[in-house]
2 protein chains.
Amino acid sequence: MKIDTTSPDLSAQIAKAIREAIISGELSVNDRLPSEAELSEQFDVGRTTVREALKRLAAQNLIRTQRGAFGGAFVNKQSFQDAQAAHITTSTLLLSMNDVSFDTAWEARFALEAACAPLSCQRRTADHLATMRAEIHRQGQPGLTDEAFCASDVAFHRALVDGAQNPVLSYQLAGAVEAIEPLMNMITFTARSREAICDMHTSIADGLEAQDSKTVEAGLSALETYTLTLARDVITSRDQQRR
Amino acid sequence: MKIDTTSPDLSAQIAKAIREAIISGELSVNDRLPSEAELSEQFDVGRTTVREALKRLAAQNLIRTQRGAFGGAFVNKQSFQDAQAAHITTSTLLLSMNDVSFDTAWEARFALEAACAPLSCQRRTADHLATMRAEIHRQGQPGLTDEAFCASDVAFHRALVDGAQNPVLSYQLAGAVEAIEPLMNMITFTARSREAICDMHTSIADGLEAQDSKTVEAGLSALETYTLTLARDVITSRDQQRR
DNA sequence: GACTTTTAAATGTCTGACAAATGAAAATTG
DNA sequence: CAATTTTCATTTGTCAGACATTTAAAAGTC
């Protein structure tokens, strides 16, 4: 592991070297890295620089640190849970910073969700169904705020995705499903549209319960079209107001 | 923005505070953060601690720094390209560190790819088709190493996904498609299986060219089943050798 | 007005110091 | 001897101060 000590980004270089050692398997889960003092000797830099490199790795969840004798920096096991949270954050920022149209994000989300539908039909448990029914019930409550409705909507679709019982799918989908929530919140639904959405959710849940993927896909497709129409109306009327 | 100066993770707290300011929109793209000296005053911590916080954010691509007068830390625009690279790294580590079975990863990958197929049929350009044909041709070359074959395979499928012309889809899919490559490399294909794979790739490309999503989906499905069978054979024989 | 020099501001790095946590080893005690 | 307490070395967390380097604006020069 060599670095160019003349370049002014030593901590980035050191982080990269260690990161690559982890990715290549040279360092395994729970392996202990050399202490900061040892690393600073090895790389011939100050301890400050080493620490900045370690913080970079910690920010990526690649290592954790522990104080005290026999403490140090240890290679982290990537958990689906943590990775998912980070993935959602990044996806959300990507959408908000890149002027991604609602159409594009919505299309991606439903295309991916539809891919889960057949698997979820096969494997969904009573738990998944119960979650979905509970969320549908919540969505029917009159006093619900728009934010709470959207959150419940996300929970409903997450249950559908999780029903496929494939952690890789759940992880990848989380980004698409959750990141769109802020965009959804911009489109405030009327009480009437909520009722229609609940009906479609019920139809989807019925299909999953009956393990009938045709019904589920039809319900998802209807939901996609319906929401897209609503969204376009909202955007059109907003543009008109702006004139 | 307040932090608990008695807790021993000041830099993480500061990073979190700034991160949330970015996510909430309080700080916008290209906004300049206060200088390190100013931040260290605001948070009442040393400059070292502030710098560690900033390095954390830099590791997540949330900020960039620039030296000199009128330099400083600026909020980064998240680019799909950078986010995709990070996403692939994380996905790869997730698979390798969590004993995800080949079956699970493979199922997720094909379910997601199949979701892109109809869209790609509609929108793929001549460029995408040309890339796919070129990769098929490369895959037929006899001297190709296993690694190169797998890389070409990834490029082929990436072209299919990109054909949907939806950056959100491409971003999400990249994780699933690329992260499985190391697992694929473990399964060394014989020359004969390569031929069969090329045939299926050709069938998929033909379907895309004819904008016939049925053919594409059939090709993908055949490829999924075929590779899965191969993989199971390899794993079974490997287990037998171990006895 | 065009060019050069100066200067102030900012990040990048290093050193040395001390605080705090932590587990092992040694000392103490019953 | 066994259980408990104390000591101690190690390691991370934080700070202050220093200097190098970069950078663009400001001042000076022709």
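For the numbers below, each heavy atom of this structure counts, side chains included, while hydrogens, waters and symmetry mates do not. A, B, ... follow the sequence lines: proteins, then strands. Residue 1 opens every chain.
If you find the closest nucleotide of DNA chain C to B/Pro8 and to A/Val45, the one lying nearer the 5' end belongs to A/Val45.
Taking OH from A/Tyr171 and CG from B/Leu94, the interatomic distance works out to 5.5 Å, rounded to the nearest 0.5 Å.
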For this session: Give the intermediate values and the outcome of salt bridge (charged side-chain N to carboxylate O under 4.0 Å, His left out) for residues A/Glu52 and A/Arg56.
Result: CA-CA 6 Å; A/Glu52 286 180 3; A/Arg56 294 178 115 107; 5.3 Å; no
For this session: Could you give me the CA-CA distance, side-chain angles and deciding distance for A/Ser7 and A/Asp9, then say whether side-chain hydrogen bond (donor to acceptor under 3.5 Å, both in side chains) is met?
Result: CA-CA 6 Å; A/Ser7 180; A/Asp9 55 344; 2.6 Å; yes
For this session: Carefully, step by step, assess A/Glu107 and B/Arg123 under the rule salt bridge (charged side-chain N to carboxylate O under 4.0 Å, His left out).
Result: CA-CA 13 Å; A/Glu107 171 182 285; B/Arg123 305 187 195 144; 2.5 Å; yes
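Protein atom CD1 of B/Ile14 is 14 Å distant from nucleotide atom P of D/dG13, rounded to whole Å. As rounded to whole Å, 15 Å separates atom P of C/dG12 from atom CD1 of A/Ile3. Rounded to whole angstrom, the span from the CD atom of B/Glu52 across to the C1' atom of D/dT12 amounts to 10 Å. In this structure, B/Arg47 places its CZ atom 12 Å from C1' of D/dA20, rounding to the nearest Å. Separating the CZ atom of B/Arg32 from the P atom of C/dA9 is a distance of 12 Å, rounded to the nearest angstrom. The separation between A/Leu57 atom CG and D/dT12 atom P is 14 Å, rounded to whole Å. One can place CD of A/Glu36 at 14 Å from P of C/dC14, the figure rounded to the nearest angstrom. To the nearest angstrom, C1' of C/dT13 lies 14 Å from CG of A/Asp4.
Applying the 4.0 Å criterion to OP1 and OP2 of D/dG13, one finds that A/Arg51 has a side-chain N or O inside that range. Listed pair A/Thr49 / C/dC14 meets the phosphate criterion, a side-chain N or O lying under 4.0 Å from OP1 or OP2. Between A/Lys55 and D/dG13 there is a side-chain polar atom (N or O) within less than 4.0 angstrom of OP1 or OP2.
Sparse packing is recorded around CD of A/Glu41, with 12 or fewer heavy atoms of other residues, nucleotides or ligands lying under 6.0 Å away.
B/Leu10 comes within 4.0 angstrom of sugar-phosphate atoms only, judged by non-hydrogen atoms across all strands, and of no base. Across all strands shown, A/Thr48 has heavy atoms under 4.0 Å from base atoms, whether or not it also approaches the sugar-phosphate.
Residues of residues 63-77 of chain A having a heavy atom closer than 4.0 Å to DNA chain D, listed by number: A/Thr65, A/Gln66, A/Arg67, A/Gly68, A/Ala69, A/Gly72.
Among the candidates A/Asp153, A/Val154, A/Thr92, the single residue satisfying the side-chain contact (heavy atoms from CB on, under 4.5 Å) test with A/Glu181 is A/Val154. Checked against B/Leu33 for a side-chain contact (heavy atoms from CB on, under 4.5 Å), the options B/Val50, B/Ile18, B/Thr65, B/Ile22 give a single hit: B/Ile18.
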